[in-house]
Amino acid sequence: MGAIDFLIVDDDPAVCMLIKRVAKGCGFISEAATDADEFRKLYASHVFGAIAVDLSMPDVDGIEILRFLARSDCKSNILIISGFDRRVVDTAWRLGQQLGLRMTGIISKPIDLQTLRSILRQSVAARKGFEPRALPELTTAHIIEAITRGDITLAYQPKIDVASGRLVGVEALARWNHPQLGPIPPAVFIPLAEKLHIIDRLTDHVLEIALHQWGLWHAAGTTIDIAVNISALSLGRLDFPDLVLAKCEKFQVPQHHLIIELTEGATQQAVQLLDTMTRFRLKGVKISLDDYGTGYASLAQLQQLPFNEIKIDRRFVDDADRSVDSRAIVKSVIDLAHNLGLTATAEGVETQSVLTLLAELSCDQAQGYLIAKPMPAADLMGWIEQRRQTSAA
Ligand code: C2E
Ligand code: CA
Ligand code: CA
């Protein structure tokens with residue numbers, strides 16, 4: 001078994017070469033297959049962190065490959081390479097998700113080098129060194145040790161009001177810096193903590209750090225909202241609202257400054273959640289529907305569950321200034337949010353032209369690398385100051 005990070009499956013050798021070269025520039029070792037046979041041979045002999053699949057090839061189509069990967073219980077991150085229009089790609093993406101594959105990125109042809117680099121860094125780096133067989137098995141003990149030792153910390157990403165540019169809050173994102181293995185992405189350790197049934201410990205830890213930090217900023221004169229991501233498993237516990245409210249009291253955080261972010265997938269058992277969510281709302285805690293557009297939240301669920309905010313997934317936001325489809329989706333989610341009396345927030349805002357479009361579409365709030373990357377707590381004050389100076393200038 002070789003240490004190869006990434007497999008490219010595309011019948012066009014020039015595309016394979018290009019992706020390989022860019023992957024190498026990002027520090028990844030890759031292999032390419034230009035037909036189904038070559039692909040099967042390579043797939044059988046290595047464990048890849050990520051696999052990029054071209055949707056259309058002469059002897060086999062991308063969908064067949066996705067089915068094959070799903071049958072073999074593939075744990076790699078999957079990227080789709082395609083020159084088709086967004087709708088075809090989206091259908092393939094949903095199919096991959098339904099088959100249980102880890103769909104993580106889209107490489108659109110013609111390939112834009114800058115975008116390709118960022119996609120590879122996200123999708124390949126997230127799995128590099130974390131293939132099931134190559135990874136020193138991370139256990140419950142590892143995660144508990146990381147929590148107790150303080151290796152799991154939080155980074156905070158600012159969220160602004162689109163119309164005024166004013167900072168309205170931050171989203172707390174978990175970070176694990178392992179002393180030997182280096183940074184382990186949340187996309188790896190959160191699902192693991194869920195699987196090992198220790199997600200409640202982690203949720204507890206994250207809430208403690210976030211609420212404590214809120215108090216420090218507040219004391220320093222900055223009073224903002226703080227959003228934490230909560231796994232559906234933690235939310236399913238009936239005593240969860242009491243636990244959260246007790247923590248707000250312990251750290252003297254007024255409940256209305258806390259936002260609980262729930263992914264769309266988590267809303268599947270809507271009825272059980274109704275109880276917990278209603279109790280949060282009665283106490284003033286805000287609830288946000290995260291990654292909207294990637295799951296299957298029905299309009300009925302949106303109406304029944306007491307959300308305050310919809311976060312439009314970055315897949316649609318990212319190219320809303322270029323793709324007519326994405327723009328239509330973003331616009332309709334913003335309108336839907338407003339018609340239901342909810343705040344519309346766009347995540348993954350990376351360019352000024354997307355931010356300008358969001359302002360035109362009356363989107364309420366925005367978050368993304370253009371505004372700021374997630375940062376350590378200590379950097380937030382400096383960021384606020386710098387922004388104040390730039391806007392005054
Ligand atoms: P999420 O809640 O959707 O968080 C946003 C993710 O998008 C973060 O990734 C953030 O770093 C990234 N991001 C923000 N702006 C941009 C942008 O402009 N462009 C791009 N390409 N990416 C952007 P991160 O920190 O790796 O977190 C991944 C996911 O892990 C989160 O997705 C969330 O679902 C989960 N997660 C993180 N922390 C926690 C936690 O404490 N508890 C739970 N249950 N889940 C967490
Ligand atoms: Ca989130
Ligand atoms: Ca999100």
Side-chain angles (χ1 to χ4, degrees), residues 77 102 104-106 114-123 125-127 130 143 146-147 152-160 169-177 183-195 198-211 213 225-237 240 244 259-266 286-295 297 307 309-320 333 344-352 354-355 358 365-376:
N77 276 351
R102 288 173 166 268
T104 55
I106 296 167
Q114 188 89 19
T115 317
L116 178 60
R117 264 181 224 118
S118 100
I119 293 172
L120 293 184
R121 289 209 177 98
Q122 269 173 43
S123 310
R127 299 291 287 167
F130 291 100
I143 299 183
I147 293 175
I152 295 184
T153 55
L154 292 179
Y156 300 88
Q157 187 175 37
K159 216 168 126 184
I160 58 159
V170 289
E171 175 176 2
L173 294 155
R175 296 288 176 263
W176 180 359
N177 200 2
I184 302 177
V188 170
F189 68 84
I190 301 283
L192 187 68
E194 290 177 339
K195 201 175 105 193
I198 45 166
I199 188 68
D200 287 345
R201 281 287 300 268
L202 195 62
T203 304
D204 198 77
H205 179 66
V206 164
L207 275 167
E208 289 255 331
I209 308 179
L211 294 176
Q213 184 57 51
D225 285 353
I226 190 157
V228 281
N229 292 282
I230 302 292
S231 154
L233 296 178
S234 295
L235 202 81
R237 270 170 41 191
F240 188 62
V244 173
I259 304 176
I260 283 180
E261 291 196 9
L262 255 190
T263 57
E264 219 185 328
K286 285 180 272 196
I287 304 171
S288 169
L289 179 56
D290 204 355
D291 301 341
Y292 188 73
T294 58
F307 289 107
E309 174 186 48
I310 299 183
K311 291 187 91 172
I312 313 166
D313 192 69
R314 64 168 189 261
R315 283 182 56 199
F316 307 110
V317 175
D318 179 52
D319 63 353
V333 180
T345 299
E347 47 177 33
V349 178
E350 294 190 0
T351 62
Q352 184 57 49
V354 167
L355 189 59
L358 292 169
Q365 298 182 358
Q367 184 183 338
Y369 292 169
L370 173 75
I371 299 144
K373 290 199 168 170
M375 61 182 88

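One-based numbering, in listed order, for ligands and for the atoms of each. By convention here, the first residue in the shown sequence is residue 1.
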Among N, O or S atoms, Glu171 approaches the Ca ion (ligand 2) most closely through OE2
Could you check whether any side-chain N or O of Asp290 sits under 3.5 Å from a backbone N or O of Glu261, counting only pairs where one atom can act as donor and the other as acceptor? no
Quick check on ligand 1: any N or O pairs to the protein under 3.5 Å? One line per pair.
| unit_1 | atom_1 | unit_2 | atom_2 | d |
| --- | --- | --- | --- | --- |
| ligand 1 | 2 (O) | Glu171 | OE2 | 3.1 |
| ligand 1 | 2 (O) | Asn229 | OD1 | 3.0 |
| ligand 1 | 2 (O) | Asp290 | OD2 | 3.0 |
| ligand 1 | 3 (O) | Asp291 | OD1 | 3.1 |
| ligand 1 | 7 (O) | Arg314 | NH1 | 2.6 |
| ligand 1 | 15 (N) | Gln157 | NE2 | 3.0 |
| ligand 1 | 18 (O) | Tyr369 | N | 2.8 |
| ligand 1 | 19 (N) | Glu350 | OE2 | 2.5 |
| ligand 1 | 21 (N) | Gln122 | NE2 | 2.8 |
| ligand 1 | 21 (N) | Glu350 | OE2 | 3.1 |
| ligand 1 | 22 (N) | Tyr369 | OH | 3.2 |
| ligand 1 | 25 (O) | Arg175 | NH1 | 2.8 |
| ligand 1 | 25 (O) | Arg175 | NH2 | 2.9 |
| ligand 1 | 38 (N) | Ala174 | N | 3.0 |
| ligand 1 | 42 (N) | Asn229 | O | 3.2 |

At a threshold of 3.0 Å, where the distance has to be below it, does the Ca ion (ligand 2) have an N, O or S atom of Glu347 nearby? no
If I compare all heavy atoms of Tyr369 with all of Glu350, which pair ends up nearest, and what's the gap? CD1-OE2, 3.8 Å
Identify the two heavy atoms, one from Ala172 and one from Tyr156, that lie closest to each other, and give their separation to 0.1 Å. CB-CE2, 3.9 Å
Please report the closest heavy-atom contact between Asp200 and Ser234, naming both atoms and the distance. OD1-OG, 2.9 Å
Quick one: angle Glu261 OE1 - the Ca ion (ligand 2) - Asn229 OD1, to the nearest 10°? 100°
For a quick test of reading the model, state the closest non-hydrogen atom pair linking Pro158 to Lys373 and the distance between them. CD-O, 4.3 Å
Identity of the N, O or S atom of Asp290 lying closest to the Ca ion (ligand 3): OD1
Checking only N/O/S atoms, does Asp291 have one that is under 3.0 Å from the Ca ion (ligand 3)? yes
Can you tell me if CD on Gln352 sees more than 12 non-hydrogen neighbours from other groups inside 6.0 Å? yes
Any non-hydrogen side-chain atom of Ile190 less than 4.5 Å from a side-chain atom of Ile199? yes
Within the structure provided, determine whether Asp291 and Lys311 are in side-chain contact (heavy-atom separation under 4.5 Å). no
